[in-house]
Asker: 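Below is the structure I would like to discuss, written out as C-alpha cells.
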Amino acid sequence: MDLSDAALLVTAGLAAGMVNAVAGGGSLITFPALIAIGLPPVPANVTNSVSVFPGYVASVAGSRMDLPRGRQLWSLLPTTVLGTGVGCLLLLSTPARAFELVVPFLVLGATAVLAFQDPLRRLVGHPADLSPRRRTLSVQAMVAVGSVYGGYFGAALGVMLVAGLALVLDTTLARVSAIKNLLSAVVGLTTLVVFALFGPVHWVAAAVIAPATVAGGYLGARLVRRLPSVVLKTVIVVFGTVIGLYLLWRALR
C-alpha cells in the first residue's frame, strides 16, 4: 500500500463514519475504496466490516444521551448477535450472487418504509396501540432481519434499522438513530470476532481506515442531535434511495 492508497482509505473512513452515524450506508464509501486499492470483493467486504466497527462505537458515544433506559433495549442484543452470526456464516459459506440481487430491493424497501412511515402506521397500527407482546415481537423481528443483513453485507444497515425501528417504536427519530447506532456497534463487534477468526481480513487496510471512522462517527452522531426530525428523515430517505439504486445498478451490470 502506497501513500495515495492510504490517503484514499483515510478519506473514505472519515466520510463513512459520518454517513453511518447520520443515515447508515457508509460501507458504500469504504467498500469501493478497498476495491480501488486492489482487494478482491470478498476480502474487501470482510476487511470493510472490521474497519467500520470503531466508527460505530464512536457513534454510540456521540448519541448516548438519546439512548433509552431499561431492559427492553438490552434484550435486543442477543438477537443482534445471533442474527449477525447467521449473516457472517452465510457470507463465508454461500455464493454471493443471489444475495447481491436481493440486497438492492431490501434497501429500497426499507427506505420506502421510512418515507411512508405514517400511512403504514395507520395501516398496521401505531406502536402505541399495539399490545406489549406484539410490539416486543415486532421489534425483535426487525432487529433479527437487520442483523442477518448486517452480518452478510452491512451496507445501508443503518437505513434498514432506522426504517424498521421507526415503524414499530413510538419515539423520536433521534432516539431511533441512537438505538440504531448501538445495534450497529453490536453487529460490528460480532463481525469483527467472526471475520478475525475465519475471514480473509487485510489488517493493514483495516488499521488505516478504523481511526478515521472513529472521528467521522462521533462527529456524525453529534450532528444528528441538532437536525430536526423532518430533515433527518429526508436525508436518510434520499441517501437510502441512492444506495439502493446504486446497488441495483451494480448487481445488474
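Counting begins at 1 with the first residue of the sequence. Please read these numbers as outputs of a predicted model, since none were measured by experiment.
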Asker: Do L82 and L92 land in one hydrophobic cluster if side-chain heavy atoms of ILVMFWY residues count as linked below 4.5 Å?
Answerer: no
Asker: Closest approach of A185 and V57, non-hydrogen atoms and distance?
Answerer: CB-N, 4.3 Å
Asker: Any idea which heavy atoms bring P104 and G244 closest together, and the distance?
Answerer: CB-O, 3.6 Å
Asker: Could you go through K180 and S63, starting from their C-alpha distance and side-chain angles, then the distance that decides it, and tell me whether this counts as side chain to side chain contact (heavy atoms under 4.5 Å, CB included)?
Answerer: CA-CA 10 Å; K180 174 264 296 181; S63 60; over 6 Å; no
Asker: Could you go step by step and tell me if Y152 and T94 meet the side chain to side chain contact (heavy atoms under 4.5 Å, CB included) rule?
Answerer: CA-CA 10 Å; Y152 193 95; T94 62; 3.9 Å; yes
Asker: Mind checking what makes side chain to side chain contact (heavy atoms under 4.5 Å, CB included) contact with V145, not counting sequence neighbours?
Answerer: none
Asker: Could you name each residue pair satisfying side chain to side chain donor-acceptor pair (under 3.5 Å) that touches residues 188-208, not counting sequence neighbours?
Answerer: none
Asker: With clusters built from Ile, Leu, Val, Met, Phe, Trp and Tyr whose side-chain heavy atoms come within less than 4.5 Å, directly or transitively, what are the remaining members of the cluster of Y56, listed by chain and number?
Answerer: V52
Asker: Taking all non-hydrogen atoms of both residues, which atom of C88 and which atom of F195 are closest, and how far apart?
Answerer: SG-CZ, 3.8 Å
Asker: Restricting to side-chain hydrogen bond (donor to acceptor under 3.5 Å, both in side chains), what partner residues turn up for S4, sequence neighbours left out?
Answerer: D2
Asker: Determine which pairs satisfy side chain to side chain donor-acceptor pair (under 3.5 Å) with at least one residue from residues 38-49, sequence neighbours left out, and list them in order.
Answerer: S27-N48, T30-N48
Asker: Is there a path from W249 to I29 through hydrophobic residues (I, L, V, M, F, W, Y) whose side chains come within less than 4.5 Å of each other?
Answerer: yes
Asker: Decide if atom CG of L197 counts as having more than 12 heavy atoms of other residues, nucleotides or ligands within a radius under 6.0 Å.
Answerer: yes
Asker: List the atom of A178, the atom of L67, and the distance in Å for their closest heavy-atom pair.
Answerer: O-CD2, 3.4 Å
Asker: Is there a side chain to side chain contact (heavy atoms under 4.5 Å, CB included) between T84 and V186? Walk through the geometry before answering.
Answerer: CA-CA 9 Å; T84 304; V186 175; 5.9 Å; no
Asker: Check which hydrophobic residues are tied to L245 through side-chain heavy-atom contacts below 4.5 Å, counting indirect links as well, and list them.
Answerer: L108
Asker: Nearest heavy-atom pair of I37 and A205: which atoms, and what distance?
Answerer: CD1-CB, 4.4 Å
Asker: Could I get the full list of side chain to side chain contact (heavy atoms under 4.5 Å, CB included) partners for L183, not counting sequence neighbours?
Answerer: L76, L77, T80, V143, L161, L165, I179
Asker: Which residues pass the side chain to side chain contact (heavy atoms under 4.5 Å, CB included) test with Y218, not counting sequence neighbours?
Answerer: A58, A61, R222
Asker: F31: which other cluster members, linking ILVMFWY side chains closer than 4.5 Å, directly or transitively?
Answerer: I35
Asker: When the side chains of residues 6-18 are checked against the rest of the protein, which donor-acceptor pairs come out under 3.5 Å, sequence neighbours left out?
Answerer:
| from | atom 1 | to | atom 2 | distance (Å) |
| --- | --- | --- | --- | --- |
| T11 | OG1 | A7 | O | 2.9 |

Asker: Which one of I209, L192, V214 satisfies the side-chain contact (heavy atoms from CB on, under 4.5 Å) criterion with P54?
Answerer: V214
Asker: Residues two or more places apart in sequence or in another chain: which of them pass side chain to side chain contact (heavy atoms under 4.5 Å, CB included) with L252?
Answerer: L101, L248
Asker: Using 0.5 Å steps for rounding, measure from the OG atom of S147 to the CE atom of M142.
Answerer: 12.5 Å
Asker: Taking all non-hydrogen atoms of both residues into account, name the closest pair between P78 and S75 and its distance.
Answerer: CD-O, 3.4 Å
Asker: Mind checking the CG-CZ spacing from L89 to F198? Nearest 0.5 Å is all I need.
Answerer: 8.5 Å
